[in-house]
Amino acid sequence: MLAISWLIHHLYGLFNIYYNETLIIEGATGEAPVLHHIYRILFEGMAYCFAVLTVEISASFFKWLTFSWAVLSALYDVYHVAMAVIYEPSNVSEIFILLLAVVANVFLVRALYAWIYHRG
């Protein structure tokens, strides 16, 4: 769910750039920086990877690793919502998608917490 929400968010961002905004960053060359690719792999790829691996791995360290990642991801999404509200308050669609990611993170953290302690 999180991987899908991030993909939708990034697609929305691209559509917004192509159809609504002019985006020019000083010193831009037209190539995406390597760190941008690493960021996308970590936040989108790891969401999918952890989802698949939780079906197969139930070791204690893995449970804590996924829980920690989910908490960090939730904190990042809350920060992202705050920045969107501060800097782009009229961009309701983006704020809504980001809020959905926060809600998904809350459910993910709850589910992983229950998984660690063998509840529900």
Side-chain angles (χ1 to χ4, degrees):
M1 187 170 157
L2 284 171
I4 291 169
S5 70
W6 278 317
L7 288 170
I8 291 170
H9 169 64
H10 286 119
L11 285 173
Y12 172 78
L14 287 175
F15 289 146
N16 198 30
I17 290 168
Y18 287 129
Y19 297 116
N20 196 23
E21 295 180 358
T22 300
L23 179 67
I24 299 173
I25 300 172
E26 189 175 323
T29 63
E31 293 184 26
V34 173
L35 287 177
H36 177 76
H37 293 292
I38 292 170
Y39 158 82
R40 297 274 316 262
I41 290 166
L42 286 175
F43 279 96
E44 294 169 11
M46 294 302 287
Y48 179 73
C49 182
F50 280 133
V52 170
L53 290 175
T54 55
V55 174
E56 297 295 327
I57 301 174
S58 62
S60 180
F61 79 91
F62 182 73
K63 290 179 179 182
W64 282 104
L65 176 66
T66 57
F67 179 75
S68 300
W69 183 85
V71 169
L72 289 174
S73 177
L75 292 173
Y76 173 77
D77 282 343
V78 168
Y79 165 79
H80 201 162
V81 168
M83 292 299 103
V85 168
I86 291 169
Y87 292 109
E88 300 180 84
S90 64
N91 196 345
V92 177
S93 298
E94 179 178 10
I95 293 168
F96 181 73
I97 289 294
L98 291 170
L99 285 172
L100 287 177
V102 169
V103 169
N105 264 307
V106 168
F107 285 119
L108 178 62
V109 169
R110 277 188 63 211
L112 291 172
Y113 184 82
W115 187 42
I116 289 170
Y117 293 104
H118 304 295
R119 292 185 225 154

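Computation of the quantities below employed the complete heavy-atom set of this structure, encompassing side-chain atoms and omitting hydrogens, waters and symmetry-equivalent molecules. Residue numbers run from 1 in the order of the sequence given.
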Partner set under ring pair (Phe, Tyr, Trp, His ring centres under 6.0 Å) for Phe62, not counting sequence neighbours: Phe50
Heavy-atom closest pair, residues Ile95 and Pro89: CD1-O, 4.0 Å
Test log, rule side chain to side chain contact (heavy atoms under 4.5 Å, CB included), inputs His80 and Tyr76: CA-CA 6 Å; His80 201 162; Tyr76 173 77; 3.8 Å; yes
CE on Met83 to OH on Tyr79, rounded to 0.5 Å: 5.0 Å
Residues in side chain to side chain contact (heavy atoms under 4.5 Å, CB included) contact with Leu75, at least two apart in sequence or another chain: Val71
Minimum-distance pair of heavy atoms, taken over all atoms of Ala84 and Leu98: CB-CD1, 3.8 Å
Residue of the set Ile116, Leu108, Leu112 for which side-chain contact (heavy atoms from CB on, under 4.5 Å) holds with Thr66: Leu112
From Asp77 atom CG to Ile97 atom CD1, the distance as rounded to the nearest 0.5 Å: 11.5 Å
Output field: ring centroids Trp64/Phe61 closer than 6.0 Å: no
